[in-house]
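Each remark here refers to the structure printed beneath this line.
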Amino acid sequence: MYILRELILEPLQKALFDIGIDGNSWEKMLGPSREKSQGDLSLPCFAFAKQLGKSPNEIAEILSSSISGEFGVSSNGGYLNFAADPFWLANKVLFGDVERSNKSVLIEHTSANPNGPFHVGRARNAILGDTLVRLNRLHGNDVRAEYYVDDMGKQVGVLAWALSNLSEEQVNKILDIQEGLSGKWSNKKDHIIVRYYQAAQILRKDSLDSNIEEEIGKLVHASEHGDDEVLKKFEEAYKPVLEGMLETLLRLGITFDTFTKESKFVVDGTVSSLMEDFESLEIHGVAENGAHFLDLGKRGLKGKTEFYYRRGDGSSLYATRDVAYHMWKWKQSDNLINILGEDHKLQSRQVSLTLNEFGYNTPEVMFYAFIKLPEGKMSTRKGHVVFMDDLLEEAHAQAASVVKNLRTDLSQEEIDFIAEAVGVSAVRYNIIKVSPDKGFTFRWEEALSFEGESAPFIMYSHTRACSISKRVSRSVGNFEIGEIHKSIYELFRAMAAFHDKLDLSVSENKPHIFALYLLELATAYNAFYRDCHVTRDGQVNEFYYAISEKAREMLRDGMNGIGVIPLESM
RNA sequence: GGACACGUGGCCCAGCUGGAUAAGGCGGUGGCCUCCUAAGCCACAGAUCGCGGGUUCGAAUCCUGCCGUGUCCGCCA
């Protein structure tokens with residue numbers, strides 16, 4: 001609780017000084033109480049024992065009796081505990097103001113190759129990234145959400161080749177499908193076009209016809225040299241796919257401010273001039289066939305230390321363009337955050353070390369582990385894949401059936417509206433509630449869980465507050481802070497943590513911290529709802545109403561911060 | 001083989017800039033709707049924090065060895 005910390009720091013320092021503890025090395029030991037029942041902040045006194053020749057117990061006792069202020073102090077088992085005064089806390093929570101951050105931040109996320117629909121694994125990036133965007137905005141930062149479009153190189157090359165060389169019939173035959181794409185997504189462009197890509201991949205692998213590889217190679221080569229016509233052809237190929245992908249993201253509430261094409265840096269010449277600059281570096285080297293690299297082993301990289309940035313034929317590589325891209329990004333914003341899969345760790349390190357070499361800073365990176373399926377790795381080819389579009393449909397359907405059971409008063413249209421919000425929120429929440437560096441196995445029953453640690457749990461608390469708001473249907477009147485019931489005190493403590501958790505979540509790039517916090521806030525609200533009725537026999541308790549309204553706003557803001565939709569009724 | 005992650009009750013997961021009896025959820029058992037939406041609430045049961053060493057007044061947390069899982073080690077993206 002940061003507000004409490006500010007309050008006690010001075011008296012605590014004085015008390016410590018009086019017993020012979022100088023300096024402020026103890027400040028980092030002052031942390032949140034492990035035991036909630038003991039207080040909000042605790043100072044373990046074990047470290048002072050030797051210096052003072054007293055037991056930690058004694059020290060804590062002495063300190064507790066010498067400190068006083070608008071807070072509770074106590075000692076227990078060698079710990080000095082501080083608890084927020086209920087009345088003080090009520091004032092802070094109901095009337096306090098918080099300082100907001102206002103940094104400029106550029107967050108690059110998703111940036112998926114535009115060659116096919118999102119499966120849940122690929123979508124983890126987009127959901128984590130968008131949540132970080134939202135949390136930064138909630139925190140007050142000026143955020144730009146950016147998608148780096150991979151519009152050149154092999155993947156798009158294969159796609160473009162397939163679209164201009166394969167017919168619908170050929171694709172179906174190669175993929176061994178009789179009647180072509182059927183079902184729900186037969187009109188969605190990413191699902192349609194990915195089949196051409198898949199067919200081409202099979203041809204490349206199985207066919208003895210080496211012309212295919214040669215033709216694709218020519219296209220890729222041309223794109224890497226900035227050939228206008230080829231790049232245009234590539235764009236025609238990937239654009240509809242990307243549109244289909246963005247449609248899925250839009251359904252998840254994910255949008256971008258800017259799209260930057262990889263080819264930009266080839267076409268405008270920055271990549272080739274950058275490659276010339278590389279040659280002046282001390283760690284620069286040239287391989288036998290004329291390929292160029294930097295020896296990053298000299299900068300602490302372990303394992304394979306050569307970072308190749310230029311092929312023997314003089315063309316650039318993906319990572320080279322990524323360096324150029326990052327130099328450009330540093331001109332757009334003072335703070336860069338990238339969201340990347342753990343498979344990009346080495347590549348990201350190479351880019352960062354190279355940037356450092358030119359005097360640029362290292363961007364912040366949030367790495368996330370992959371989502372597996374019970375049957376193993378996600379693989380489109382083996383049919384081990386869960387498309388985000390399918391997951392969202394299923395989530396909607398399940399939510400609709402729950403709503404239908406619970407609410408017989410609603411029209412089909414209202415049911416659909418609620419089901420969509422619940423479905424999307426639940427899907428997002430199940431991905432962001434776990435730490436990004438934890439790989440997890442996708443299970444339908446968990447992804448579609450609407451109780452316990454889930455988005456609907458939080459949404460439900462919020463609708464309760466909305467329901468009260470609707471019932472009273474006016475703003476909060478004059479009130480005095482009344483008796484502070486245990487549940488109210490706990491709710492205040494939870495509310496006071498809002499900005500602490502938001503700040504932590506944003507500064508550490510860990511969305512799950514704030515996502516899990518909202519669960520605590522909702523739980524605390526539920527206890528308040530149970531114990532303290534705002535309206536009773538037609539009378540409104542203004543103090544309670546003020547608390548409920550404040551909590552409602554916090555829940556709403558917090559939910560928006562993680563992309564969970566704050567419905568007013570469900 | 002090397003590098004980097006991860007390993008916490010039957011299952012999922014928080015805690016890991018060292019601090020008090022390891023926090024939640026699912027599942028299990030038992031209870032709560034004449035009272036602002038029961039997608040809720042309450043109670044109970046359930047943990048050698050992968051294994052072995054070390055550092056420390058104190059280790060789930062730091063160091064080290066081993067085991068297991070994942071990712072990477074392309075002049076691919």
Side-chain angles (χ1 to χ4, degrees), chain A residues 28-29 31 33-36 38 42-47 49-50 55-56 76-79 81 113 115 150 152-157 220 262 287 289-293 301-306 308-313 315-319 321-322 341-347 349 367 369-370 372 377 399 402-403 405-407 422 426 430 433-435 437-441 443 445-446 449-461 463-472 508 512-513 516 519-520 522-523 526-527 529-537 540 544-545 548 569-570:
Chain A
K28 63 175 193 297
M29 299 190 323
S33 304
R34 185 99 186 210
E35 295 302 309
K36 265 190 139 181
Q38 299 285 4
S42 297
L43 181 73
C45 299
F46 305 93
K50 202 175 271 178
S55 76
N76 189 348
Y79 288 84
N81 297 313
N113 278 314
N115 59 3
D150 194 352
M152 54 186 294
K154 198 157 269 174
Q155 303 220 30
V156 202
V220 173
E262 188 181 340
N289 70 342
H292 291 230
F293 63 87
L301 190 70
K302 290 181 212 156
K304 195 214 163 206
T305 62
E306 292 94 359
Y308 280 91
Y309 67 87
R310 183 182 149 149
R311 293 196 186 91
D313 69 3
S315 61
S316 63
L317 284 106
Y318 174 80
R321 290 167 234 142
D322 207 18
E342 61 179 343
D343 56 333
H344 278 68
K345 275 186 179 173
L346 174 61
Q347 139 95 19
R349 188 87 207 285
F367 291 106
F370 292 127
K372 303 188 288 273
K377 243 169 106 163
V402 173
V403 179
N405 280 331
L406 260 30
R407 301 285 302 270
V422 167
N430 277 300
K433 75 174 175 185
V434 312
S435 171
D437 47 30
K438 203 88 124 191
F440 72 92
T441 305
R443 286 176 224 280
E445 74 260 37
E446 282 165 23
S449 155
F450 298 150
E451 34 183 65
E453 293 178 334
S454 69
F457 178 93
I458 301 166
M459 297 167 80
Y460 191 69
S461 291
T463 60
R464 282 175 153 177
C466 289
S467 169
I468 290 170
S469 199
K470 209 171 291 167
R471 178 173 287 243
V472 177
E508 307 233 311
H512 74 281
I513 292 176
L516 293 176
L519 232 33
E520 289 174 35
T523 301
N526 285 342
Y529 179 87
R530 179 193 64 218
D531 296 332
C532 308
H533 286 225
V534 172
T535 64
R536 184 151 260 170
D537 308 325
V540 176
Y544 288 178
Y545 187 41
S548 183
S569 162
M570 65 188 275

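Chain letters run A, B, ... following the sequence lines, proteins first and then strands; every chain starts at 1. These numbers were taken from a predicted model, which means no experiment stands behind them.
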Notebook entry, point to check: In whole angstrom, what separates A:L519's CG from B:G25's C1'?
Noted result: 8 Å
Margin query: Whole angstroms only, please: what is the NZ-P distance between A:K372 and B:U71?
Written below: 8 Å
Next item on the list: Mind listing the closest non-hydrogen atom pair of A:E262 and A:D150 along with its distance?
Entry: OE1-OD1, 2.5 Å
Next item on the list: Would you kindly give the CZ-to-P distance between A:R536 and B:C35, to the nearest whole Å?
Entry: 12 Å
Item checked: N/O (side chain, A:R311) to phosphate O (OP1/OP2, B:G74) under 4.0 Å -> no
Item checked: B:U8 to B:U48 separation - C1' atoms, rounded to the nearest Å -> 12 Å
Notebook entry, point to check: Stacking here means centres under 5.5 Å and planes under 30°; does A:F440 stack on B:C12?
Noted result: no
Would you list the protein and nucleotides 57-61 of chain B atom pairs, both N or O, that sit under 3.5 Å from each other?
residue, atom, partner, partner atom, Å
B:C57, OP1, A:K50, NZ, 3.3
B:A60, N6, A:R34, NH1, 2.9
B:A60, N6, A:R34, NH2, 3.3

Note to self: Tell me whether the ring of A:H533 lies stacked over the B:C35 base, given a 5.5 Å limit on centroids and a 30° limit on the plane angle.
What the structure shows: no
Notebook entry, point to check: To the nearest Å, how far apart are A:K433 NZ and B:A23 P?
Noted result: 19 Å
Checklist line | For atom CG of A:D437 and atom P of B:U8, their distance in whole Å | finding: 14 Å
Note to self: In whole Å, I'd like the distance from the CD atom of A:Q347 to the P atom of B:A5.
What the structure shows: 18 Å
Next item on the list: Report yes if a side-chain nitrogen or oxygen of A:K345 is closer than 4.0 Å to either non-bridging phosphate oxygen (OP1 or OP2) of B:C73; otherwise report no.
Entry: no
Check: Where does RNA chain B form stems of at least three consecutive Watson-Crick or G-U wobble pairs, each pair having both distances below 3.5 Å?
Finding: B:1-7 with B:67-73, B:10-12 with B:24-26, B:28-32 with B:40-44, B:50-54 with B:62-66
Notebook entry, point to check: Can a donor-acceptor pair be found between the side chains of A:Y544 and A:H533 at a distance below 3.5 Å?
Noted result: no
Note to self: Please determine whether a side-chain nitrogen or oxygen atom of A:R349 lies at a distance below 4.0 Å from atom OP1 or OP2 of B:A3.
What the structure shows: no
Notebook entry, point to check: Counting only heavy atoms not in A:K377, do more than 12 sit closer than 6.0 Å to its NZ atom?
Noted result: no
